[in-house]
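Since the structure comes first, as C-alpha cells, the remarks are kept for the end.
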Amino acid sequence: MKRVIFTWLAKACFVASLTTNALAAQSFTTTVPDSVTLFNFDKGFDLSGLQTNDASVSLVKKHGSQQLLLETGIRSGAPGVTIKRPSGSWDLNNYYHVKMDITNAGEHPARIIFKVGDPEDGMEAWQMEIRFDLAPGETKTVSDDIVTTPWRFTKPLNLLAMRAAPGQAKTDLSAINQVKITINYPANEHKLLIDNIRATNPVRWVDPDGFLPFIDRFGQYKHAHWPGKTLSVDDLRQQAKDEQRQLAAEPGPPEFNQYGGWKNGPQLKATGYFRTEKHNGAWWFVDPNGRLFWSHGVGVVHTGTATTGITDRESYFEWLPEKDSPFGKFYSTARRASHGYYKTLEKRETYNFTASNLYQKYGADWREAFGRVTHARIRSWGMNTLGVASDRRLTTDGITPYTETVWVRGTKKIEASKGYWGKFHDVFDPSFKRQLKKALSNREHTINDPWLLGFFIENELSWGAEGSLAIATLESPADQPAKIEFVKDLKNKYQNISDLNQNWGTHYTSWDAILNATKAPDKNKAWTDLSAFYKKIVTTYFATVREALKAVAPNALYLGCRLAWANSDTVIHTAAQYTDVISMNKYQYHVANVGLPEGVDKPILIGEFHFGALDRGALHLGVVSAESQSHRAELYTEYLDSALLNPYIVGTHWFQYAEQPPTGRGDGENYNVGIVDLADKPFPELVKSIKEVGYRFYQFRSAAAENDQLVQPKKPKKMEYIQVDEDMHTRSN
C-alpha cells in the first residue's frame with residue numbers, strides 16, 4: 001500500500017505527497033531496529049503463561065519452525081488465547097505495525113480478531129484490533145496498525161473527536177505486554193497455527209509546527225495530494241458538467257424496468273407492492289409489476305454526510321465562513337454524541353461540508369441538483385435501492401425504490417444490559433410500545449407507496465449471546481419491569497422458592513429476594529430458565545414491532561432490525577417468524593457462508609458492508625480494510641458475487657453513499673466508506689466495479705440457479721449453552 005510521507009520545506013510549512021520524498025531536517029526516524037520480536041515460539045517458549053478461553057494450545061513443528069497451535073471450541077463467543085510477556089512490557093512507540101504469521105489449519109473458514117494490548121477504554125480497545133477472514137489451508141501475514149499514520153508528532157497535538165487522528169498512537173504504547181487472538185462467534189471448532197509476532201516499520205517523527213489547520217475549504221485533508229482531489233470551485237463545477245454528459249450517455253442497464261427489476265425476466269404475480277418469493281431455489285424480491293428484483297443498493301444517501309463538529313476544534317479548519325454569509329445556513333448544532341469526545345458535551349456546533357460543497361458546485365438549486373444527479377447516478381451505476389437513513393426528499397420522488405428507517409427512542413432500558421449503541425429496551429415496560437407507535441406515526445406517506453421496498457425498524461441491537469439479556473435482567477434493580485415479569489414466570493413454574501433454589505443451587509429466602517438481588521445465578525444451573533426468558537424478550541420485541549408496523553403499513557415488508565455481530569439461534573428463529581426479510585450488517589470480505597440455522601428458510605438482506613483504504617485522503621480504513629482504491633473495487637466485485645451465489649441473499653447495501661469527513665461525524669467515525677468523496681466526486685475505481693456487477697447481476701444469479709451453481713451455506717451448530725463474548729459491547733461492528 002502506498003502511504004503518505006510528510007515533509008516540511010520550512011518551519012510552519014507542511015507539505016505532503018503520495019510518493020516518497022527526501023525529508024527535511026524537521027522530520028526524522030529514530031535509530032531503532034527495523035523489527036522487534038514480541039513472541040517467537042522456537043526458543044523454549046513456556047506455554048504456562050498463556051491464558052486460554054474455550055481453547056487449548058500446544059507447540060508443533062511446521063515448515064522448519066516451531067509454531068503455536070491454537071484449537072478453539074464454540075462455547076464462547078470469543079474463544080482464543082491471550083499471549084502475555086512473562087515479565088515487563090515493550091515500549092512500541094517507535095513502531096507503526098504489529099504483525100503476525102497465521103495459518104488456518106482447520107476445515108472451516110475462520111473470522112479472526114487480532115488485538116494488541118489491553119486498553120481499558122472500549123473505543124481504544126476496538127481500535128487496537130483487526131479482523132480478517134482465513135480460508136482453510138490459507139496462510140497470511142496480518143498487520144495491525146497501532147499508530148494512525150506512518151509518522152508521529154514529536155509533541156502531542158491532542159486532536160479531538162476522531163476515530164483516527166493523524167500522527168497519533170491509538171492507545172498508550174509505552175507498556176504493551178500482550179496480544180490476543182480470538183475467533184469471532186464461531187459456529188465450528190477451529191485450528192490455527194501462529195508464529196512470529198513482531199513490531200515492525202519504525203515510524204518517522206515530525207514536528208507538529210505548521211500542521212494546523214489540516215482541513216481545507218472543501219472538508220478534505222489538506223496535507224496530501226491524490227488523483228481526483230478537488231482543488232478549486234472551478235474544479236467542482238467542471239466535474240458536474242463532465243458527469244452530466246456521462247450520465248446522459250449511460251442511463252442504466254437496459255434490462256431494468258422502472259423499479260430496477262428484471263424487465264426481461266420471469267413474469268410472476270404482480271401485487272402492486274414489493275414482496276418476496278423463492279424462485280428456482282433462490283430467494284428474490286418481487287417488484288410491484290411481478291418481476292424479479294435483487295436489491296443492489298446504497299445507504300445513507302443524503303446531504304449531511306460530512307457534517308462535523310467544530311466546537312473546541314476551530315483551529316482544524318482553514319476556512320469556516322462567516323455566519324451572515326450565504327454559507328451560514330450550513331452551520332447547525334447537534335446533541336450529545338453516542339461515543340467519543342462529543343459524548344462529553346451536551347451540544348456542539350457543526351458545519352456541513354457536504355451541503356457546502358454541493359452549494360459551491362451547483363449553486364442555489366443545489367438540493368434539486370443533488371436529487372436529480374443522485375437518482376441518475378444510482379441508475380447509471382446499475383444500482384436500484386436507497387438504503388438505510390436516506391433523505392426523504394429522495395425516497396418520496398418515485399424514481400428509486402427505497403427502505404424506510406424507524407428509530408425507537410425514549411424507552412425504558414434493561415439497566416444491566418450492555419451494547420455498543422446502548423442498553424436493550426425493556427419490552428415489558430409500556431414505554432416500548434408507546435414510543436414504537438410514536439416513531440411510526442409520521443410514516444403515512446409509505447402506506448400505499450409502490451416504491452417502498454420495506455421497513456428497517458432500528459439498527460444493530462445488542463441481543464448478546466444466548467441467555468445474556470435474561471442474565472442482565474436478573475442483574476438489574478428490583479423495579480425493572482422485565483425483572484418483575486421474569487420473577488412472575490418463575491413463581492408460576494416453581495410455585496415455591498425452595499424448588500427454584502434446589503434447581504438453581506441458590507439460597508433465596510423469598511421471591512422478593514430475587515427481585516432485590518443483582519447477582520446472576522450459576523448460568524449452567526439456571527440455563528433452562530435463562531434461555532426461556534431470553535426467548536420471551538426476543539419474541540416480545542419482534543411480535544410487538546410487527547403488530548405495530550402492520551397496523552400502519554399493512555402492505556409493507558418488515559425488513560427486521562439489521563442484525564450485527566453474531567446472533568443466537570433464538571434471535572434468528574424468532575426474526576424469521578415475525579419479519580418478512582432478515583436484515584444483517586455483514587462487514588467481512590465475502591458472504592458465501594452467511595446462512596440460517598436448521599429449519600429456517602427466509603430471505604436475507606445485507607444492510608451494510610464496505611471496504612476502505614488510505615490512499616485518497618482518508619485517515620481511517622473503516623471496518624474492513626483494503627490496500628488501495630483499486631483493491632476496494634476488487635473486493636466489491638468479490639463480495640457481490642458471493643452474495644449473488646448465496647440462495648438466501650436478496651440484496652446488498654453499501655455503507656455509505658458519501659465519504660465521512662476526516663474530522664469525523666459526531667461519534668468520531670472518519671472512515672473511507674463513500675462511493676463519492678467529500679466534494680461529491682465518485683471514486684472511479686469503485687464505480688467501475690459497481691457498474692460491472694450492476695449490469696449483469698440478474699443474468700448471473702438466474703444462470704447460477706438454473707445450472708445448480710448456487711452455494712449453499714453450511715448450517716451452524718445449534719448452541720445448547722450460553723456463548724459469552726466479554727468484549728462484544730465495545731465493538732461498532
Side-chain angles (χ1 to χ4, degrees), residues 104 106-111 133-138 187-188 253-257 260-270 274-287 289-297 382-385 557 569 572-573 575-576 580-584 586 588-606 609 634-653 689-718:
N104 184 348
E107 301 176 356
H108 306 282
R111 181 77 164 147
D133 297 326
L134 207 58
E138 184 180 9
N188 301 283
E255 289 198 328
F256 278 16
N257 65 13
W262 192 9
K263 181 172 62 178
N264 302 321
Q267 177 65 61
L268 306 181
K269 180 181 178 182
F274 278 96
R275 62 184 184 86
T276 60
E277 183 173 324
K278 200 169 190 180
H279 179 75
N280 281 352
W283 279 102
W284 297 81
F285 286 109
V286 179
D287 76 15
N289 292 340
R291 297 294 186 176
L292 295 177
F293 182 96
W294 202 83
S295 185
H296 186 210
M383 302 183 100
N384 58 13
T385 311
L557 293 174
D569 277 5
I572 297 296
H573 277 279
D580 299 303
V581 177
I582 300 174
S583 55
M584 299 179 177
K586 286 293 181 181
Q588 47 201 58
Y589 287 103
H590 62 80
V591 285
N593 289 311
V594 172
L596 298 169
E598 196 68 48
V600 178
D601 188 10
K602 203 81 172 184
I604 296 171
L605 176 61
I606 304 298
F609 75 105
E634 293 171 12
L635 292 174
Y636 187 93
T637 300
E638 293 170 9
Y639 191 100
L640 264 289
D641 283 351
S642 73
L644 289 163
L645 291 173
N646 187 317
Y648 295 104
I649 295 177
V650 292
T652 58
H653 293 177
S689 281
I690 292 172
K691 290 179 72 171
E692 190 276 327
V693 173
Y695 281 65
R696 66 166 168 86
F697 66 79
Y698 282 123
Q699 293 282 0
F700 183 86
R701 183 171 174 84
S702 179
E706 291 174 0
N707 297 320
D708 197 28
Q709 293 174 337
L710 296 174
V711 179
Q712 295 289 339
K714 294 180 180 179
K715 296 292 184 182
K717 293 185 177 181
K718 181 175 175 56

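All of these numbers come straight from a predicted model, not from anything done at the bench.
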Would you check if the side chain of D287 reaches a backbone N or O of N289 as a donor-acceptor pair within less than 3.5 Å?
yes
side-chain contact (heavy atoms from CB on, under 4.5 Å) between V591 and F609: does it pass, once the steps are laid out?
CA-CA 10 Å; V591 285; F609 75 105; over 6 Å; no
Quick one: list whatever passes salt bridge (Lys or Arg N to Asp or Glu O under 4.0 Å) with D601, sequence neighbours left out.
K278
Sequence-distant partners of E634, salt bridge (Lys or Arg N to Asp or Glu O under 4.0 Å), two or more places apart:
none
Is the backbone N or O of Y589 less than 3.5 Å from a side-chain atom of D133, with the two atoms forming a donor-acceptor pair by type?
yes
Take the angle between the ring planes of Y636 and H296 and call it parallel below 30°, perpendicular above 60°, tilted in between.
tilted
Is a side-chain donor or acceptor of N104 paired with a backbone partner of L134 at a separation under 3.5 angstrom?
yes
F285 side, atom CZ; T385 side, atom OG1 - distance, nearest 0.5 Å
7.5 Å
Can you list the residues that meet the salt bridge (Lys or Arg N to Asp or Glu O under 4.0 Å) rule with K602, with sequence neighbours excluded?
none
Taking side-chain contact (heavy atoms from CB on, under 4.5 Å) as the definition, give me every residue that meets it alongside V286, ordered by chain and number, with sequence neighbours left out.
L268, R275, E277
Considering non-hydrogen atoms only, spot the tightest contact between S295 and H653 and give its length.
OG-NE2, 2.7 Å
CH2 of W294 to OG of S702, rounded to nearest 0.5 Å, is 14.0 Å
Which residues share a side-chain hydrogen bond (donor to acceptor under 3.5 Å, both in side chains) with Y698, sequence neighbours left out:
none
Go through the steps to decide whether I582 and Y648 satisfy the test side-chain contact (heavy atoms from CB on, under 4.5 Å), and finish with yes or no.
CA-CA 10 Å; I582 300 174; Y648 295 104; over 6 Å; no
Can you list everything that forms a side-chain hydrogen bond (donor to acceptor under 3.5 Å, both in side chains) with N707? Sequence neighbours excluded, please.
none
Which residues pass the side-chain hydrogen bond (donor to acceptor under 3.5 Å, both in side chains) test with S642, not counting sequence neighbours?
none
Just wondering, do N646 and P713 contact through their side chains at under 4.5 Å, heavy atoms?
yes
Heavy-atom neighbours of E107 CD exceed 12 at 6.0 Å:
no
Partners meeting side-chain contact (heavy atoms from CB on, under 4.5 Å) with D580 (sequence neighbours left out):
R546, K550, L557, Y558
Take N384 and F697, measure what side-chain contact (heavy atoms from CB on, under 4.5 Å) needs, and give me the verdict at the end.
CA-CA 12 Å; N384 58 13; F697 66 79; 4.0 Å; yes
Only counting residues at least two apart or in another chain, list the ones meeting side-chain hydrogen bond (donor to acceptor under 3.5 Å, both in side chains) with K263.
none
To the nearest 0.5 Å, what is the distance between CD1 (I604) and NZ (K586)?
8.0 Å
Starting at CE of M584, measure out to CG of L605 and round the result to the nearest 0.5 Å.
10.5 Å
Quick test of your reading: applying salt bridge (Lys or Arg N to Asp or Glu O under 4.0 Å), list the pairs with at least one residue in residues 692-706, sequence neighbours left out, ordered by first then second residue.
D641-R696, E692-R696
Can you name the side-chain contact (heavy atoms from CB on, under 4.5 Å) partners of N264, sequence neighbours left out?
E255, W262
Quick one: side-chain contact (heavy atoms from CB on, under 4.5 Å) partners of L645, sequence neighbours excluded?
F700, A704, V711
To the nearest 0.5 Å, tell me how far L640 CG sits from I690 CD1.
8.5 Å
With rounding to the nearest 0.5 angstrom, report the CZ to CZ distance, R291 to F256.
14.5 Å
Minimum heavy-atom distance L596-I572, with the two atoms named
CD2-CG2, 3.7 Å
